[in-house]
Protein chains: 2
Amino acid sequence: MSTEIHRSGDRDRLEALLWRAAPVSGRTGARPALGIDPIVVAAVRLADAEGLAALSMRRVAGELGVGAMTLYGHVPGRGELLALMLDAVLGELHPDERSVTSGNWRARLDAVARANRTFLLRHPWAAQVTADRPPMGPNALRKYELELRAVDGLGLSEPQMDHLVTLVDGFIRGSVGRGQAPPAGALAGFPTAARVVAATTSVREDPERSFEFGLERLLDGIGMLIVNPGR
Amino acid sequence: MSTEIHRSGDRDRLEALLWRAAPVSGRTGARPALGIDPIVVAAVRLADAEGLAALSMRRVAGELGVGAMTLYGHVPGRGELLALMLDAVLGELHPDERSVTSGNWRARLDAVARANRTFLLRHPWAAQVTADRPPMGPNALRKYELELRAVDGLGLSEPQMDHLVTLVDGFIRGSVGRGQAPPAGALAGFPTAARVVAATTSVREDPERSFEFGLERLLDGIGMLIVNPGR
DNA sequence: GCGGCTTCCGTACGCTGTACGGTCGCAGGC
DNA sequence: GCCTGCGACCGTACAGCGTACGGAAGCCGC
């Protein structure tokens, strides 16, 4: 089901599709009744609603009222479609550029973190696709650019800026979808865990609170760097 | 390929398998030539070597010199096998309990973070399995217990302790497998990204350095909490 | 009108997880 | 020692997957 990119020519084709490069355009033959964008939109809708496991080429084609193999005339394969879907939804991030470039650094990074979190909560499949490290498209690059601007002008070196953006993104990816309650019966022999579980289940430990806690700690630590950038 | 747990009875069966509960044991009939442990060991070896996508029931059975359907006499299905594999490899973590319970808090959390990182680098598939939130087995619970002890006795509340462990684990999960170089050609219109890419490609931005940077910031931020636990 | 290119897609192949039911070997009762 | 029955093993089969291949059909330039 993963279906990575294998053939090297498909990589170039994916790059061209990501940037919506116009085809060679020796205009002749039947003109297409379908384009990349409707395919990607339908696929994103399906993945949002039912998850990546339900996203089969046949299902996507069915949603479009088209034969399964028709998709392969527009997209090299499933792996490339996933990469296109990822870049498409990444375009939703930071719709207002000023929210991540105005205010002090802490407000900016706070906005970056929250935007990425709601993004991953809306499109949980995006995390799985990112894990395959698809090539960056225009929207991924735009996101990288904007998040770098959020940490620009603070007296940090360029590698520090990159690390900081990577750090915040990584924290978000790690923070979504965490925490399952252990079976309260089997806590014998785990005294500290038993104590913590007993104390937290009464307080309704929710991932939201855990995220807020982690973000606070992270921004505090980043603040110590910004005050003294000498590593 | 994901193959989650569907039937509710399988959940109970998985729980029993995780804790290696002895079967009902009305001893009669042929005694098994195969057990859960060899299956899990073979599956882990296969996943380590070729990734989760190559882990099919038929492949695992083949490695054991056994028919494919034989596995279903020991394990309810693929999803449950993944959960068993995860708990099995989690047993590798913190082999020396003192490494995460001795020294000052920073050394302890440093040890926790590095152990989890090398663990995820050795078993990249574990991150994917964790994303499905399988039930915690004995080794997952042991890991939770030990990591809680690393932040015990610091004057923190129990929810704070839980959040801290979740934060470090999440940071690790987010930090492994990050960073792909953008196609250097298409950086027009992204001045900050262009500047950073130009500065970092010459320094060979490696994920190792990014991890060290993030861990330092994270521990700094946690230190501020420990100095003043009043939230 | 026609030749050729392009798009659409039916069929097919090898793979997947797993439901079903048959076969067989071992253990307990007599 | 034999019979009975249970449990382990697993061959077959089915639905569904990604996608290679090649035919059918539509549209363009001439």
Side-chain angles (χ1 to χ4, degrees), chain A residues 1-7 9-10 13-14 17 22-36 38-39 43 46-47 50-85 132, chain B residues 1-7 9-10 13-14 17 22-39 42-43 46-47 50-85 132:
Chain A
M1 189 69 117
S2 44
T3 323
E4 208 51 38
I5 293 127
H6 337 81
R7 299 178 305 299
D10 290 349
R13 183 138 162 62
L14 171 57
L17 285 169
V24 277
S25 188
R27 293 297 316 114
T28 178
R31 55 151 176 236
L34 199 60
I36 318 157
I39 295 176
L46 186 55
E50 306 188 33
L52 267 200
L55 188 115
S56 72
M57 300 298 273
R58 282 175 238 256
R59 277 291 303 273
V60 174
E63 303 281 345
L64 294 165
V66 113
M69 292 311 293
T70 300
L71 300 185
Y72 289 88
H74 298 87
V75 151
R78 197 180 113 106
E80 291 81 0
L81 176 57
L82 293 179
L84 289 166
M85 291 164 59
D132 286 342
Chain B
M1 189 69 119
S2 44
T3 326
E4 207 53 34
I5 292 127
H6 336 83
R7 300 179 303 298
D10 290 350
R13 184 138 162 60
L14 171 57
L17 285 169
V24 277
S25 188
R27 296 296 316 112
T28 179
R31 59 161 171 224
L34 198 61
I36 318 156
D37 291 330
I39 294 176
L46 186 55
E50 307 188 32
L52 266 199
L55 188 115
S56 72
M57 300 300 270
R58 281 175 239 257
R59 275 294 300 274
V60 174
E63 303 279 345
L64 294 165
V66 113
M69 291 313 292
T70 299
L71 300 185
Y72 288 88
H74 298 87
V75 152
R78 196 181 115 106
E80 290 81 0
L81 177 56
L82 294 179
L84 290 166
M85 290 165 59
D132 287 342

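None of the values given here were measured: they were computed from a predicted structure. The chains referred to below are lettered A, B, ... by the order of the sequence lines, with proteins before strands, and numbering in each begins at 1.
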Rounded to whole angstroms, how far apart are CZ on A:Arg59 and P on D:dA15?
-> 18 Å
Nearest-angstrom distance from the residue atom CG of A:Leu46 to P of D:dC17 | 11 Å
Hey, does B:Arg78 have a side-chain heavy atom less than 4.5 Å from the side chain of B:Leu71?
-> no
note: B:Leu82, atom CG; C:dT16, atom C1'; distance rounded to Å ~ 14 Å
Rounded to whole angstrom units, what separation is found between the CE atom of B:Met57 and the C1' atom of C:dT16?
-> 11 Å
Is there a side-chain contact between B:Arg59 and B:Leu46 (heavy atoms, below 4.5 Å)?
-> yes
Please state how far atom CG in B:Leu81 lies from atom C1' in C:dT16, giving the value in whole angstrom units.
-> 15 Å
Residue pair B:Leu17 / B:Pro76, side-chain heavy-atom distance below 4.5 Å = yes
Grab the OH-P distance between B:Tyr72 and D:dG11 for me, whole Å please.
-> 15 Å
Does a side-chain heavy-atom distance below 4.5 Å link A:Val75 with A:Arg13?
-> no
Going by heavy atoms in the side chains, are A:Met57 and A:Met69 under 4.5 Å from each other?
-> no
Nucleotide N/O of nucleotides 23-25 of chain C paired with protein N/O under 3.5 Å:
from, atom 1, to, atom 2, distance (Å)
C:dG25, N2, B:Ala30, N, 3.2

With side chains defined as the heavy atoms from C-beta onward, is the minimum distance between B:Leu84 and B:Ile39 less than 4.5 Å?
-> no
Separation of C:dT16 atom C1' from A:Arg78 atom CZ, nearest Å, is 13 Å
Donor-acceptor contact present, side-chain A:Glu50 to main-chain A:Ala47, <3.5 Å | no
Contact letters for nucleotides 8-15 of chain C, in which S counts primed atoms plus P, OP1 and OP2 and B counts the base, heavy atoms under 4.0 Å = SBBBB---
Within a strict 4.5 Å, meaning less than it, do heavy atoms of the B:Leu64 and B:Thr70 side chains meet?
-> no
